Amino acid sequence: MRNTAKITTAVLAAGALTFGLTACGSDKDSASSDTSGPLVVAASPTPHAEILDYVKKNLAKKAGLDLEVKEFTDYVTPNTATEDGSVGANYFQNQPYLDDFNKKNGTHIVPVVTVHLEPLGLYSHKVKSADALKSGATIAVPNDSVNEARALKLLAANGIITLKDGVGNEATPADITKNPKNLKFKELEAAQTPRSLDDVDAAVINGNYAIEADLKPAKDALVLESAQNNPYGNFLAVKKGNEDDPRVKKLAKLLTSPEVKKFIEDKYAGSVIPSF
């Protein structure tokens, strides 16, 4: 049994309202204020917490690292908890998402080391190829701005739609210039997209949520992001100023070790790709 604290989205939402960003600067029982204590890391359950659990069980003790993993099921609370010191680090996000989050929330989270890529994919319970999507089909996409743009760019890269020239990480369906199949888009919280597969014709799903739903991105996706020159690698992150915490440096080294690379390759078989 894993020694991991599991936190539900409902509890997180309530907690976020309680401590919010107003707690920034508070040093009361901060998980990051005492570098002699355990390093508490907020992580999405799959694959992030699984990778951290591997490190905890197999590598941390020898490296002199006391590691505690807390699982979060949303994409907001890990950053707010890192900002206010409730946790010492997080591992769940990519650079475009973090840039957008810091800008919108006034947080000061910075990356430490990139560990892996989870290719975004288009999945369906109703068709076996993207070409088989019918006219007027409904596609579920993540509703946060960065992942929605990423989803639309995935569809555009595979010729399903065409986006306005130069559109970046804030693309929305309003930026679609050609939509030959008159596709409709249903915006959902990223975690909900796998559950929508019985209700929509297809869904663009983040790699971690696809794996949690027993989908195999390398095998089951109708179309899948290319790993080459992909800016969406997931990294270990901390609040600015904590990059030199010796515990963080130890974890960064372990997360980019040959042992972790082999673990990722063996366990996820191409659905999660090491980025180091």
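Note that the structure is a prediction, hence the values are computed from the model and not measured.
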So how far is it from [X] [atom1] to [Y] [atom2], rounded to the nearest 0.5 Å?
{"X": "Asp201", "Y": "Lys134", "atom1": "CG", "atom2": "NZ", "value": "8.5 Å"}
{"X": "Ile264", "Y": "His116", "atom1": "CD1", "atom2": "NE2", "value": "7.0 Å"}
{"X": "Leu133", "Y": "Asn182", "atom1": "CG", "atom2": "CG", "value": "12.5 Å"}

Answer yes if [X] and [Y] sit in the same cluster of Ile, Leu, Val, Met, Phe, Trp and Tyr residues linked by side chain heavy atoms under 4.5 Å apart, and no otherwise.
{"X": "Val110", "Y": "Val248", "value": "yes"}
{"X": "Val272", "Y": "Leu122", "value": "no"}
{"X": "Leu197", "Y": "Phe185", "value": "no"}

Can you say whether the rings of Tyr54 and Phe263 are parallel (under 30°), tilted (30 to 60°) or perpendicular (over 60°)?
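Ring orientation, 0 to 90° scale: parallel.
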
When you check the gap from the basic side-chain N to the acidic O, do Asp220 and Lys216 get nearer than 4.0 Å?
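Salt bridge: no.
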
Sub-4.5 Å side-chain heavy-atom contact between [X] and [Y]:
{"X": "Leu117", "Y": "Asn234", "result": "no"}
{"X": "Phe92", "Y": "Phe72", "result": "no"}
{"X": "Ser271", "Y": "Lys219", "result": "no"}
{"X": "Ile160", "Y": "Leu183", "result": "yes"}
{"X": "Val41", "Y": "Val87", "result": "no"}
{"X": "Thr193", "Y": "Val204", "result": "no"}

Begin from the C-alpha positions of Glu50 and Tyr268 and carry the test side-chain contact (heavy atoms from CB on, under 4.5 Å) through to its verdict.
CA-CA 11 Å; Glu50 293 174 347; Tyr268 301 108; 2.4 Å; yes

Looking just at side-chain N and O atoms, do [X] and [Y] make a donor-acceptor pair shorter than 3.5 Å?
{"X": "Ser145", "Y": "Lys104", "result": "yes"}
{"X": "Asn208", "Y": "Thr46", "result": "no"}
{"X": "Ser196", "Y": "Asp199", "result": "no"}
{"X": "His48", "Y": "Glu118", "result": "yes"}
{"X": "Tyr232", "Y": "Gln93", "result": "no"}

Donor-acceptor pair, distance only, cut-off 3.5 Å: does the side chain of [X] make one with the backbone of [Y]?
{"X": "Asp100", "Y": "Pro96", "value": "no"}
{"X": "Glu83", "Y": "Ala81", "value": "no"}
{"X": "Asn143", "Y": "Val141", "value": "no"}
{"X": "Thr107", "Y": "Ile109", "value": "no"}
{"X": "Lys261", "Y": "Leu255", "value": "no"}
{"X": "Tyr75", "Y": "Ala191", "value": "no"}
{"X": "Lys250", "Y": "Gly64", "value": "yes"}
{"X": "Lys56", "Y": "Leu67", "value": "yes"}
{"X": "Thr177", "Y": "Thr162", "value": "yes"}
{"X": "Asn206", "Y": "Tyr209", "value": "no"}

Can the ring centres of Phe235 and Phe276 be said to be less than 6.0 Å apart?
no

Within the supplied structure, the quantity of interest is the number of heavy atoms (other residues, nucleotides, ligands) at a distance under 6.0 Å from Lys126 NZ; does it exceed 12?
yes

For the pair Asn79 and Asn105, evaluate side-chain hydrogen bond (donor to acceptor under 3.5 Å, both in side chains) and give the outcome as yes or no after the intermediate values.
CA-CA 10 Å; Asn79 276 336; Asn105 296 279; over 6 Å; no

Provide the full list of salt bridge (charged side-chain N to carboxylate O under 4.0 Å, His left out) pairs with a residue in residues 144-163, sequence neighbours left out, each pair given once.
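Sorted pair list: Arg150-Glu225.
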
